[in-house]
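Have a look at the structure below before the remarks.
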Amino acid sequence: MPTNISTVKIKAPLQKVWDILTKPEFVKQWQYGSELLTDWKVDSDIRFKTEWEGKIFEQWGKVLEIRPNELIKYSLFAPRPDLDDKPENYFIMNYVLTAENGQTKLEIIQEDNRPNAVQEEPQGEENSVLKSLKEIAETD
């Protein structure tokens, strides 16, 4: 199963990075304008909804694990014409936060068991989403 990892070091405290990952008003700023809908409780639904070129796109899943300021883990289904909405077509997103020398290390780990999933090279700040997240977190 492809496991894609992105890592970024952010000059901000854990709590601030946690808020940027979990609060809808921040998620919208770094996730392509996505509206986040969840209560962040284990087994609760999670949904990302965004409008692009006049069309609504949604992804959905379940919150699997939450450890404040440490870990966010959820399943996610991204609809495609060739994929049915069934468990084997969901991928798992992990956000792991670690305090390091006054900064926050954020690892985003995507475990992807979907058909045609691709193993990617590890990414960092060159990833536009991570770059945007980092910029928001490092702004006072």
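Worth knowing before you read on, the calculation uses all heavy atoms, side chains too, and leaves out hydrogens, waters and symmetry mates. Throughout, residue positions are numbered sequentially from 1 according to the sequence presented.
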Can you confirm whether [X] sits close enough to [Y] that some side-chain heavy atom of one is under 4.5 Å from a side-chain heavy atom of the other?
X: K55; Y: E53; result: no
X: E100; Y: K9; result: yes
X: L97; Y: L21; result: yes
X: D85; Y: P79; result: no
X: W60; Y: Y90; result: yes
X: N94; Y: E111; result: yes
X: L36; Y: F48; result: yes

Gap between atom [atom2] of [Y] and atom [atom1] of [X] - 0.5 Å precision:
X: W40; Y: T22; atom1: CH2; atom2: OG1; result: 6.5 Å
X: S128; Y: K131; atom1: OG; atom2: NZ; result: 9.0 Å
X: M93; Y: D112; atom1: CE; atom2: CG; result: 9.5 Å
X: S6; Y: L133; atom1: OG; atom2: CG; result: 11.0 Å

Using residues 25-35 as the side-chain source, report each donor-acceptor pair under 3.5 Å to any protein atom, sequence neighbours left out, with the distance given to one decimal.
from, atom 1, to, atom 2, distance (Å)
Q29, NE2, E25, O, 3.2
W30, NE1, I20, O, 2.8
S34, OG, Q31, O, 2.8

Going only through I, L, V, M, F, W and Y residues with side-chain contacts under 4.5 Å, is there a path from L76 to F57? no
Within one Ile-Leu-Val-Met-Phe-Trp-Tyr cluster: L83 and I92, side-chain cutoff 4.5 Å: no
Expected list for residues 102-110: side-chain donor-acceptor pairs under 3.5 angstrom, two or more places apart:
from, atom 1, to, atom 2, distance (Å)
T104, OG1, A12, O, 2.7
T104, OG1, L14, N, 3.2

Do K134 and E138 sit within salt-bridge range, that is, some charged N less than 4.0 Å from a carboxylate O? yes
Less than 4.0 angstrom from a charged side-chain N to a carboxylate O is my criterion; do K62 and D43 meet it? no
Please determine whether the number of non-hydrogen atoms from other residues, nucleotides or ligands lying under 6.0 Å from atom NZ of K16 exceeds 12. yes
Residue pair N69, Q15: steps toward the side chain to side chain contact (heavy atoms under 4.5 Å, CB included) verdict: CA-CA 6 Å; N69 297 320; Q15 184 62 56; 3.1 Å; yes
Before you tell me yes or no, could you show the steps for Y95 and Y74 under side chain to side chain contact (heavy atoms under 4.5 Å, CB included), namely the whole-Å CA-CA distance, both residues' side-chain angles and the distance that decides it to 0.1 Å? CA-CA 9 Å; Y95 293 79; Y74 56 84; 3.3 Å; yes
Positive for side chain to side chain contact (heavy atoms under 4.5 Å, CB included) with V63, one of I72, D45, I46, D39: I46
Does the side chain to side chain contact (heavy atoms under 4.5 Å, CB included) test come out yes or no for K49 and I56, once each step is laid out? CA-CA 7 Å; K49 180 178 172 183; I56 301 291; 3.9 Å; yes
